[in-house]
Amino acid sequence: MCGFIGYINGTNVIDHHQTIENMMNTIIHRGPDSGGIHSDDTVTLGFRRLSIIDLSDVANQPLYSEDGNIVLVFNGEIFNFQELRADLIEKGHTFKTQSDSEVIIYGYVEYGVDFVKKLRGMFAFCIWDKKNDLQFIARDGFGIKPLYYSEHTTDGTFIFGSEIKSFLPHPSFIKELNKKALRPYLTFQYSSMDETFFKGVFKLPPAHYMLIQNGKKQIVQYWDKKFHAKEASIEKYIEEIRSTVKESVEAHKISDVKVGSFLSGGIDSSYITSLLRPDKSFSVGFADYEDMFNETNLAKDLSDTLNIQNERKYITADECFEALPKIQWHMDEPQSNPSSVPLYFLSELASKDVTVVLSGEGADEIFGGYSWYQNSGRMQKYEKLPLGVRKTLRGIAEALPKSQYTNFLIKGGQTVEERFIGEAVVWDEVDAINVLKPDYKNAPSVKSITKRIYDEVPGEDDVTKMQYLDLNLWMPGDILLKADKMSMAHSIELRVPFLDKEVMELAKNIPSQYRVNDIDTKYVLRQAAHQELPEEWAKRPKLGFPVPIRHWLREEKYYNMVKEMFTTDFANEFFDTKQLVGYLDEHYEGKANRGRYIWTAYVFLVWYKKFFVDM
């Protein structure tokens, strides 16, 4: 696990060595063990290394092909590198390291850009092919590793790298807020578009690569995550999940440094931990809210059952508010998922003992674990009415005061494309538009962002459509981004065995009724996990990573802290601050639960202050 930054030189005359050093220094947390630079007349590359496989200096990057023509910077891990290496040696290639990185160089030499299709792992990389004047940058199929790029510069410099903050020291980079990003963020709680909160800075989509040659850029998709159900017995799928997930954990634990696991009380991390059997597991909870926001006792119980040492920590509200600016700095863009906060402290805890951790992210998206995916029995009965009838009743309900009954009729009269925008929904879009100043209202609608993904799977059932949306929007935009940024903030590598190519290829085949049904969500995975876990763990409902934000915001200290931020001059640039404070007061006085509204706006302002006011 590492980080890299690079650029295709622009027309301005600059000190490339000093510039790339400055850029590398902003991501030293991603690679504290060593750094390396390549610079020529066309391209400048910088690399920071966190040593995981082949700890020797010979594996330091940038790595070069034997003839020096190919230059590589690479962030991540290739879990089938031994198999690929054997194939390439058989074809006559000579390796100088034992690292997984080198297979990318000779794989490219042997197979060209299509070699990316052979990779099983989490990765972002850049190959500079000097002979062919070709830059080849690629990102893994799920988006586990981040990769940004920009040409928003004064002289045509093209910049790319693992974190946006590393772009800022380049003298040609134009730091400018993307005014269209704020409106959808308020609803989604994360940056949901390809263009980031920094104008002209884009995310390379997961499962895509970019070719740059002779000044022309081409982006190509090389893999997709579409489901194509194949009928088979549930017993067959249970056994296939057991063997495939077990093999994935075996591949993901390959390391020359210590490996541990993150462990909550839920099925996903418990299943991974039971297969891994590390020396230590790590858990966090919240002080003063042990009953409602604490799964560490469950994690401790399972660790004891598995004979694993469990390290745990209780976090205070003071610690969370104090760390929030640093958390948003590491995130690069505002991200108000409350679980980012405990994940930051969990990574800090683990970093004292291990360099690699395995975690359970991804199981909900690929096996159907979210409660949104499962209709209530009452809704299932209601949906037997013709859609035209339900749409008529929806129209009547929309004209009436909001209640649980009108909400039911409205939801029942909507298609899945109308009602489901992903796992996270914070601000109602109308409320978001109303609270924003005019310059920030003109932005992509929530539906326009989800539509392009829904349009790829028009004929699928509702469960599959929702999963596909989350796999392509929520997971890379929220879940995986915070997993990477919060772990890398403490120089540890987080691996996600559920998000493995082989696991996904299996999950694509599983019929939706085995994923989500009347009995449970993530049904077939729970049956498979039951073979490895005590029944109470395999059946435990999903809790997520709950955080007591709504309680904190009803304490005077934190109310005042947020109110001070809401009434700053720069907050007035974006928001009708009177409305914001009104939501805050309403929540503080217990008249309504506006905790997530408040937190999402507050996080944006903390982020903006860090990047645009204090810098």
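Residues take their numbers from the sequence shown, with the count starting at 1.
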Practice problem: Can you see which heavy atom on Val416 is nearest to which on Tyr454, and at what distance? | Solution: O-OH, 3.5 Å
Quiz prompt | Phe142 to Pro206 - nearest heavy-atom pair and separation | solution = C-CB, 3.6 Å
Quiz item: What do the steps show when you test Gln380 against Asp518 for side-chain hydrogen bond (donor to acceptor under 3.5 Å, both in side chains), and what is the final call?
Solution: CA-CA 10 Å; Gln380 288 180 36; Asp518 293 345; 3.0 Å; yes
Quiz item: Roughly how far, to the nearest 0.5 Å, is the NZ atom of Lys217 from the CD1 atom of Ile137?
Solution: 10.0 Å
Quiz prompt | Nearest heavy-atom neighbours spanning Lys501 and Leu119 | solution = NZ-O, 3.0 Å
Self-check item: salt_bridge(Lys465, Glu460) N-O dist < 4.0 Å
Solution: no
Self-check item: Side-chain H-bond candidate by donor/acceptor type, Asn434 with Gln579, under 3.5 Å
Solution: no
Quiz item: Can you find a pair of side-chain heavy atoms, one from Lys411 and one from Met379, that are under 4.5 Å apart?
Solution: yes
Practice problem: May I ask you to check whether over 12 heavy atoms, not counting those of Lys441, lie within 6.0 Å of atom NZ? | Solution: yes
Quiz prompt | Greater than 12 external heavy atoms within 6.0 Å of Asn442's CG | solution = no
Self-check item: Interatomic distance, Arg183 atom CZ to Glu429 atom CD [nearest 0.5 angstrom]
Solution: 4.5 Å
Quiz prompt | Cation-pi, Phe227 ring and Arg515 (6.0 angstrom, 45 degrees) | solution = yes
Quiz item: Do Lys482 and Ser339 have a side chain donor and acceptor closer than 3.5 Å?
Solution: yes
Self-check item: Beyond-backbone contact of Val201 with Glu195, side-chain heavy atoms, under 4.5 angstrom
Solution: no
Self-check item: Distance in Å, Met504 CE paired with Leu506 CG, rounded so as to fall on 0.5 Å steps
Solution: 9.5 Å
Quiz item: Is a salt bridge present between Glu417 and Lys451, judged by a nitrogen-to-oxygen distance below 4.0 Å?
Solution: no
Quiz item: Quick one: are the ring centres of His252 and Phe79 less than 6.0 Å apart?
Solution: yes
Practice problem: Determine whether the side chains of Ser264 and Ser269 contain a donor N or O and an acceptor N or O closer than 3.5 Å. | Solution: yes
Self-check item: Verdict with reasoning, Tyr190 to Leu481, per side chain to side chain contact (heavy atoms under 4.5 Å, CB included)
Solution: CA-CA 10 Å; Tyr190 59 92; Leu481 195 68; over 6 Å; no
Quiz prompt | Closest non-hydrogen atom pair between Glu361 and Ala483, with its separation | solution = OE2-CB, 4.1 Å
Quiz prompt | Least distance between heavy atoms, Thr273 atom then Ser261 atom | solution = OG1-OG, 3.0 Å
Quiz item: Without hydrogens or angle criteria, can the side chains of Trp474 and Gln189 be said to hold a donor-acceptor pair below 3.5 Å?
Solution: no
Quiz item: So do Leu324 and Val603 actually touch side chain to side chain, heavy atoms under 4.5 Å?
Solution: yes
Quiz item: Salt bridge or not for Lys203 and Glu163, using N-O below 4.0 Å?
Solution: no
Exercise. Would you list the pairs meeting ring pair (Phe, Tyr, Trp, His ring centres under 6.0 Å) in which at least one residue belongs to residues 409-432, sequence neighbours left out?
Key: Trp372-Phe420, Trp427-Tyr583, Trp427-Tyr597
Exercise. Please round to the nearest 0.5 Å and tell me the distance separating atom OG of Ser487 and atom NE2 of His330.
Key: 11.0 Å
Practice problem: Please state whether the rings of Tyr271 and Phe498 are parallel, tilted or perpendicular, taking 30° and 60° as the class boundaries. | Solution: tilted
Quiz prompt | Side chain to side chain, Asp484 and Ile144, heavy atoms closer than 4.5 Å | solution = no
Quiz item: So do Val547 and Phe286 actually touch side chain to side chain, heavy atoms under 4.5 Å?
Solution: yes
Quiz item: So do the side chains of Glu398 and Thr406 get within less than 4.5 Å of each other, counting heavy atoms only?
Solution: no
Exercise. Could you check whether the rings of Tyr185 and Phe604 sit parallel, tilted or perpendicular, using 30° and 60° as the cut-offs?
Key: tilted
Quiz prompt | Point-to-point distance, once rounded to the nearest 0.5 Å, from CD1 of Ile241 to NZ of Lys246 | solution = 15.5 Å
Quiz item: For Tyr373, which of Asp470, Asp364, Thr464 qualifies under side chain to side chain donor-acceptor pair (under 3.5 Å)?
Solution: Asp470
Practice problem: Apply side-chain hydrogen bond (donor to acceptor under 3.5 Å, both in side chains) to the pair Trp607 and Tyr602, showing each step before the final yes or no. | Solution: CA-CA 9 Å; Trp607 170 85; Tyr602 179 66; over 6 Å; no
Quiz item: Stepwise, does the side chain to side chain contact (heavy atoms under 4.5 Å, CB included) test hold for Thr450 with Leu473?
Solution: CA-CA 8 Å; Thr450 60; Leu473 191 64; 4.1 Å; yes
Quiz item: If you take all heavy atoms of Leu409 and Leu393, which pair is closest and at what distance?
Solution: CB-O, 4.4 Å
Quiz prompt | Geometric cation-pi criterion, Lys522 with Phe367: 6.0 Å, 45° | solution = no
Quiz prompt | Between CD on residue Glu365 and CG on residue Leu469, distance to nearest 0.5 Å | solution = 11.0 Å
Quiz item: Any side-chain heavy atom of Val446 within less than 4.5 Å of one from Phe188?
Solution: yes
Exercise. Decide, yes or no, whether a salt bridge links Lys117 with Asp114 under the criterion of side-chain N to carboxylate O below 4.0 Å.
Key: yes
Quiz item: When you check the side-chain N and O atoms of Thr600 and Ser336, is any donor under 3.5 Å from an acceptor?
Solution: yes
Practice problem: Can you run down the ring pair (Phe, Tyr, Trp, His ring centres under 6.0 Å) pairs that involve residues 383-409, sequence neighbours left out, and say none if there aren't any? | Solution: Tyr382-Phe408
Quiz item: Has Lys447 got more than 12 heavy atoms of other residues, nucleotides or ligands less than 6.0 Å from its NZ?
Solution: yes
Practice problem: For the residue pair Glu456 and Tyr468, confirm or rule out a side-chain donor-acceptor distance under 3.5 Å. | Solution: yes
Quiz prompt | Asp268/Arg526 ion pair, N-O < 4.0 Å | solution = no
Self-check item: ring-ring contact (aromatic ring centres under 6.0 Å, His included) assessment of Tyr608 paired with Phe574
Solution: CA-CA 11 Å; Tyr608 181 82; Phe574 310 104; 4.7 Å; yes
Practice problem: Check the pair Ser270 / Leu263 against side chain to side chain contact (heavy atoms under 4.5 Å, CB included), numbers first and verdict last. | Solution: CA-CA 6 Å; Ser270 298; Leu263 181 59; 3.7 Å; yes
Quiz item: Do Glu235 and Glu239 pass the side chain to side chain contact (heavy atoms under 4.5 Å, CB included) test, and can you show the C-alpha distance, the side-chain angles, and the key distance before you say yes or no?
Solution: CA-CA 6 Å; Glu235 289 77 16; Glu239 287 308 309; 5.9 Å; no
Quiz item: According to the ring pair (Phe, Tyr, Trp, His ring centres under 6.0 Å) rule, which pairs have a member within residues 510-529, sequence neighbours left out?
Solution: none
Practice problem: Considering only NZ, NE, NH1 and NH2 on the basic side and carboxylate oxygens on the acidic side, decide whether Glu418 and Lys391 come within less than 4.0 Å. | Solution: no
Quiz prompt | Test item: Val357 and Arg495 side chains (from C-beta on) under 4.5 Å apart, heavy atoms | solution = no
Exercise. Check the pair Glu532 / Ser274 against side-chain hydrogen bond (donor to acceptor under 3.5 Å, both in side chains), numbers first and verdict last.
Key: CA-CA 7 Å; Glu532 303 290 341; Ser274 69; 4.9 Å; no
